[in-house]
Amino acid sequence: MLQKIRRFVTGHNAAGKAIVAIDDHAPNATEIKGWAGLGVTELWVTDEMPVSNDGSKDRSLRPMRHDPTRSGTIFRVVEIPPESAGTKIDPDAAFGQLGSTNKPSATDSARHPTMHKTNSIDYLVVISGSMHMLMEEGEVELHAGDCIVQRGTNHAWVNRSGKACLLAAVLINAKPAP
């Protein structure tokens with residue numbers, strides 16, 4: 001069961017005064033097929049640069065997508081379940097459900113089934129729990145409060161802790177890395 005993520009989105013009233021326009025549990029929360037317990041909650045999405053702060057539309061309410069659009073951003077929380085030797089991950093189902101154009105290659109999958117690149121720069125913060133960030137060479141154990149700047153590199157998230165790890169992520173469209 002996905003953790004409910006409370007969000008506050010600000011805006012302006014008819015008089016132009018700053019208000020809290022949305023106070024809810026983010027409704028666009030999805031359990032990802034092919035990876036039991038993995039969940040993604042979209043908090044906000046933009047599709048343009050510079051970003052428009054006009055309007056009152058809830059920009060999180062769109063089909064879940066792994067990658068930001070060209071000139072787009074995504075703000076999300078990812079819940080990464082514990083992984084053990086018996087965990088079955090179907091990367092085709094997981095990445096397919098998210099419409100990802102950055103699916104793991106056969107070579108990358110040899111390191112971990114979800115090893116992949118993105119065409120974004122991602123700013124991430126571990127909110128709770130712990131996990132390992134696997135790279136093509138090496139890995140790092142991450143704990144609550146640790147921050148990551150993911151610059152379009154090949155990576156995978158592996159949770160060996162025995163309890164879910166919550167990760168806040170801001171994805172910003174970028175030129176693909178080599």
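Since the model is a prediction, treat every value here as computed from it, not as a measurement.
For the salt bridge (Lys or Arg N to Asp or Glu O under 4.0 Å) condition, the pairs that include at least one residue of residues 41-52, sequence neighbours left out, are Glu42-Arg62, Glu42-Arg76, Asp47-Arg65, Glu48-Arg59. Listed by first and then second residue, the ring pair (Phe, Tyr, Trp, His ring centres under 6.0 Å) pairs that reach into residues 38-63 come to none, sequence neighbours excluded. Counting only residues at least two apart or on different chains, the ring pair (Phe, Tyr, Trp, His ring centres under 6.0 Å) pairs with a member in residues 87-113 are His66-Phe95, Phe95-His116. Contacts classified as ring pair (Phe, Tyr, Trp, His ring centres under 6.0 Å) and involving residues 159-178 (residues at least two apart or in different chains) are not found. Here side-chain hydrogen bond (donor to acceptor under 3.5 Å, both in side chains) pairs that include residues 161-178, with residues two or more places apart or in two chains, are Asn159-Ser161. Residue pairs satisfying the side-chain hydrogen bond (donor to acceptor under 3.5 Å, both in side chains) criterion with at least one member in residues 27-38, sequence neighbours excluded, are absent.
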Check against side-chain contact (heavy atoms from CB on, under 4.5 Å), Met135 and Thr153: CA-CA 8 Å; Met135 305 301 292; Thr153 55; 3.4 Å; yes
Evaluation steps, side-chain contact (heavy atoms from CB on, under 4.5 Å), between Leu171 and Thr73: CA-CA 5 Å; Leu171 292 71; Thr73 67; over 6 Å; no
Steps toward side-chain contact (heavy atoms from CB on, under 4.5 Å) verdict (Ile32, Leu98): CA-CA 8 Å; Ile32 304 303; Leu98 294 170; 3.8 Å; yes
Step-by-step side chain to side chain donor-acceptor pair (under 3.5 Å) determination, Thr118 to Ser120: CA-CA 5 Å; Thr118 60; Ser120 57; 3.2 Å; yes
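His143 and Val126 get closest at one heavy-atom pair: O-CB, 3.4 Å. Across all their heavy atoms, Ala168 and Ile127 have their closest contact at CB-CD1, 3.7 Å. The shortest heavy-atom contact between Ser128 and Ala144 is CA-CB, 4.1 Å. For Cys165 against Ser130, the heavy-atom pair with the smallest separation is CB-O, 3.5 Å. Here the closest non-hydrogen pair linking Glu79 and Leu38 is O-CD1, 3.2 Å. Closest non-hydrogen pair, Leu134 versus Arg111, comes out as CG-NH2, 3.8 Å.
In this structure the side chain of Gln150 reaches within 4.5 angstrom of the side chain of Met133, judged on heavy atoms. Side-chain contact between Leu43 and Ser60: absent, with no pair of heavy atoms (C-beta onward) separated by less than 4.5 Å. Looking at heavy atoms from C-beta onward, Leu142 lies out of side-chain contact with His132 at the 4.5 angstrom threshold. No side-chain heavy atom of Val20 sits under 4.5 Å from any side-chain heavy atom of Ile22.
Ion pairing between Glu139 and Arg160 holds under the 4.0 Å rule for side-chain N and carboxylate O.
Residue Val40 is not grouped with residue Ile74 when hydrophobic side chains (ILVMFWY) are merged at heavy-atom distances under 4.5 angstrom, including chains of intermediate members. Taking hydrophobic clusters as Ile, Leu, Val, Met, Phe, Trp and Tyr residues chained together by side-chain heavy-atom distances below 4.5 Å, Val140 shares a cluster with Leu124. Val78 and Ile148 fall within the same hydrophobic cluster, defined by Ile, Leu, Val, Met, Phe, Trp and Tyr side-chain heavy atoms under 4.5 Å apart, directly or through other members. Following chains of ILVMFWY side-chain contacts shorter than 4.5 Å, one can reach Val77 starting from Val170, so the two form part of one hydrophobic cluster. Transitive grouping of hydrophobic side chains (ILVMFWY, heavy atoms separated by less than 4.5 Å) keeps Leu2 and Ile80 in distinct clusters.
Thr10 OG1 to Asp23 CG: the interatomic distance, rounded to the nearest 0.5 Å, is 12.0 Å. A distance of 8.5 Å separates NE2 of His25 from CD1 of Ile5, quoted to the nearest 0.5 Å. Taken to the nearest 0.5 Å, the OG1 atom of Thr114 stands 12.0 Å off from the CG atom of Asp90. Atom CD in Glu136 sits 4.0 Å away from atom CG in Asn154 (nearest 0.5 Å).
Ser109 pairs by the side chain to side chain contact (heavy atoms under 4.5 Å, CB included) definition with Pro104, not counting sequence neighbours. Applying the ring pair (Phe, Tyr, Trp, His ring centres under 6.0 Å) test to Trp157 and every residue at least two apart in sequence or in another chain returns His155. Every residue two or more places apart in sequence or in another chain was checked for a salt bridge (charged side-chain N to carboxylate O under 4.0 Å, His left out) with Arg70, and none qualifies. For Asn102, the side chain to side chain contact (heavy atoms under 4.5 Å, CB included) partners two or more places apart in sequence, or in a different chain, are Asp67, Ser100, Asn119. Residues passing the salt bridge (charged side-chain N to carboxylate O under 4.0 Å, His left out) test with Asp24 are Arg7, sequence neighbours excluded. With sequence neighbours excluded, no residue forms a salt bridge (charged side-chain N to carboxylate O under 4.0 Å, His left out) with Arg151.
Of the possible donor and acceptor atoms, none in the side chain of Lys4 sits under 3.5 Å from a partner among the backbone N and O of Pro27. The backbone N or O of Asp54 sits less than 3.5 Å from a side-chain atom of Ser52, completing a donor-acceptor pair.
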